[in-house]
Amino acid sequence: MGNSKSSALSKEILEELQMNTKFTQEELCTWYQSFLKECPSGRISKKQFESIYSKFFPDADPKAYAHHVFRSFDANNDGTLDFKEYMIALHMTSSGKANQKLEWAFSLYDVDGNGTINKTEVLEIIMAIFKMINAEDQKHLPEDENTPEKRTNKIWVYFGKKDDGKSHFA
């Protein structure tokens, strides 16, 4: 997708990122140099991404959740994130429009990528989230959502779905 080994950001990628994110040319160039320092190949592997994620959650196990976040950001499904994918993901999750955030959240929960979300997929993501909550904090969750199964059921009921129902994104 992007210039994976060049120390300069291509004009095309730069222009596309400026049009599709809130970042200025100067900010993008600074981010790019920092990105190359951390990832000299110009790509972040899933393992590197999981390692970065684990630094934010030192007392938990974020690997499963990081896997799903990575999958949702890997737009071309090549198993790596290039600079363009990384910056679009950063923009979308930090300052993107509500519909962009909603589309990203849907792609996160649509584990199999078929355009629908079923209860099993919701449970898979909720279980990954629970692994990032330490046991002591889990004890303080409300009774109706203190396990992944209870939380999934609560979400499913909230959206008015039956056990065999699916959520579609329009």
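Since the structure is predicted, the reported quantities are computational estimates derived from the model, not experimental observations. Only heavy atoms go into these numbers, but all of them, side chains included; no hydrogens, no water, no symmetry mates.
- No chain of hydrophobic side-chain contacts below 4.5 Å, direct or via other Ile, Leu, Val, Met, Phe, Trp or Tyr residues, connects Met127 to Ile133.
- Shown here for Asn118 and Trp156, the closest heavy-atom pair between the two residues is C-CH2, 3.5 Å.
- Between Ile44 and Phe70 the shortest heavy-atom distance is O-CE1, 3.6 Å.
- Linking Ile, Leu, Val, Met, Phe, Trp and Tyr whenever their side-chain heavy atoms come within less than 4.5 Å puts Phe73 and Ile52 in one cluster.
- Nearest heavy-atom pair, Gly115 versus Phe106, reported as atom, atom and distance to 0.1 Å: O-CZ, 3.4 Å.
- Contact annotation: the side chain of Trp104 approaches that of Val69 to within less than 4.5 Å [non-hydrogen atoms, C-beta and beyond].
- Shown here are the salt bridge (charged side-chain N to carboxylate O under 4.0 Å, His left out) partners of Lys154, two or more places apart in sequence or in another chain: Asp144, Glu145.
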request  = Apply side chain to side chain donor-acceptor pair (under 3.5 Å) to the pair His67 and Lys46, showing each step before the final yes or no.
outcome  = CA-CA 7 Å; His67 164 80; Lys46 185 168 63 164; 3.2 Å; yes

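- Between Ile129 atom CD1 and Met132 atom CE the span is 6.0 Å, to the nearest 0.5 Å.
- Checking side-chain atoms of Lys84 against main-chain N and O of Leu17 turns up no donor-acceptor pair under 3.5 Å.
- The structure places CE of Met87 at 12.5 Å from CD1 of Ile13, a figure rounded to the nearest 0.5 Å.
- In Lys131, the NZ atom is not crowded: 12 or fewer heavy atoms of neighbouring residues, nucleotides or ligands sit closer than 6.0 Å.
- Hydrophobic clustering, with ILVMFWY side chains joined whenever heavy atoms are under 4.5 angstrom apart, keeps Met19 apart from Ile88.
- Side-chain contact check for Leu123 versus Glu149: some heavy-atom pair is nearer than 4.5 Å.
- A donor-acceptor distance shorter than 3.5 angstrom exists from the side chain of Glu85 to the backbone of Asp82, with no hydrogens or angles considered.
- The minimum heavy-atom distance linking Asp74 with Gly79 is given by the pair OD2-N, 2.7 Å.
- His68 contributes no side-chain N or O that, together with a main-chain N or O of Val111, makes up a donor-acceptor pair within less than 3.5 Å.
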task = Under the side chain to side chain donor-acceptor pair (under 3.5 Å) rule, what do Lys119 and Asn153 come out as? Steps first, then yes or no, please.
result = CA-CA 8 Å; Lys119 194 172 182 181; Asn153 286 333; 2.5 Å; yes

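- Each of Phe35, Trp31, Phe23 was evaluated against Phe83; a single residue qualifies, Phe35, per the ring pair (Phe, Tyr, Trp, His ring centres under 6.0 Å) test.
- By the 4.5 Å heavy-atom criterion applied to side chains, Glu121 and Asp112 are counted as neighbours.
- The ring pair (Phe, Tyr, Trp, His ring centres under 6.0 Å) test applied to Tyr109 returns no partner, not counting sequence neighbours.
- Without hydrogens or angle criteria, Thr30 side chain to Glu26 main chain gives a donor-acceptor distance under 3.5 Å.
- The pair Lys47-Glu50 does not count as a salt bridge, with every side-chain nitrogen at least 4.0 angstrom from each carboxylate oxygen.
- Note that NZ of Lys139 is 9.5 Å distant from CG of Asn134, once rounded to the nearest 0.5 Å.
- Arg43 has its side chain within reach of Asp78: a pair of non-hydrogen atoms, C-beta onward, lies under 4.5 Å apart.
- Within the model, atoms CD1 of Ile117 and CD of Glu124 stand 12.0 Å from one another, a figure rounded to the nearest 0.5 Å.
- Looking at every heavy atom in both residues, Asp110 comes nearest to Arg71 through O-NH1, 3.6 Å.
- One finds the OG atom of Ser54 at 11.5 Å from the CG atom of Asp59 (value rounded to the nearest 0.5 Å).
- Annotation: side chain to side chain contact (heavy atoms under 4.5 Å, CB included) contacts of Lys97 (sequence neighbours excluded): Asn99, Gln100.
- The shortest distance between side-chain heavy atoms of Leu14 and Tyr32 does not fall below 4.5 Å.
- The CG atom of Asn146 sits 12.0 Å away from atom NE2 of His140, with the distance rounded to the nearest 0.5 Å.
- Between the side chain of Gln18 and the backbone N or O of Leu28, no donor-acceptor pair lies under 3.5 Å.
- Closest approach of Tyr65 to Ile125, counting heavy atoms only: CE1-CG2, 4.3 Å.
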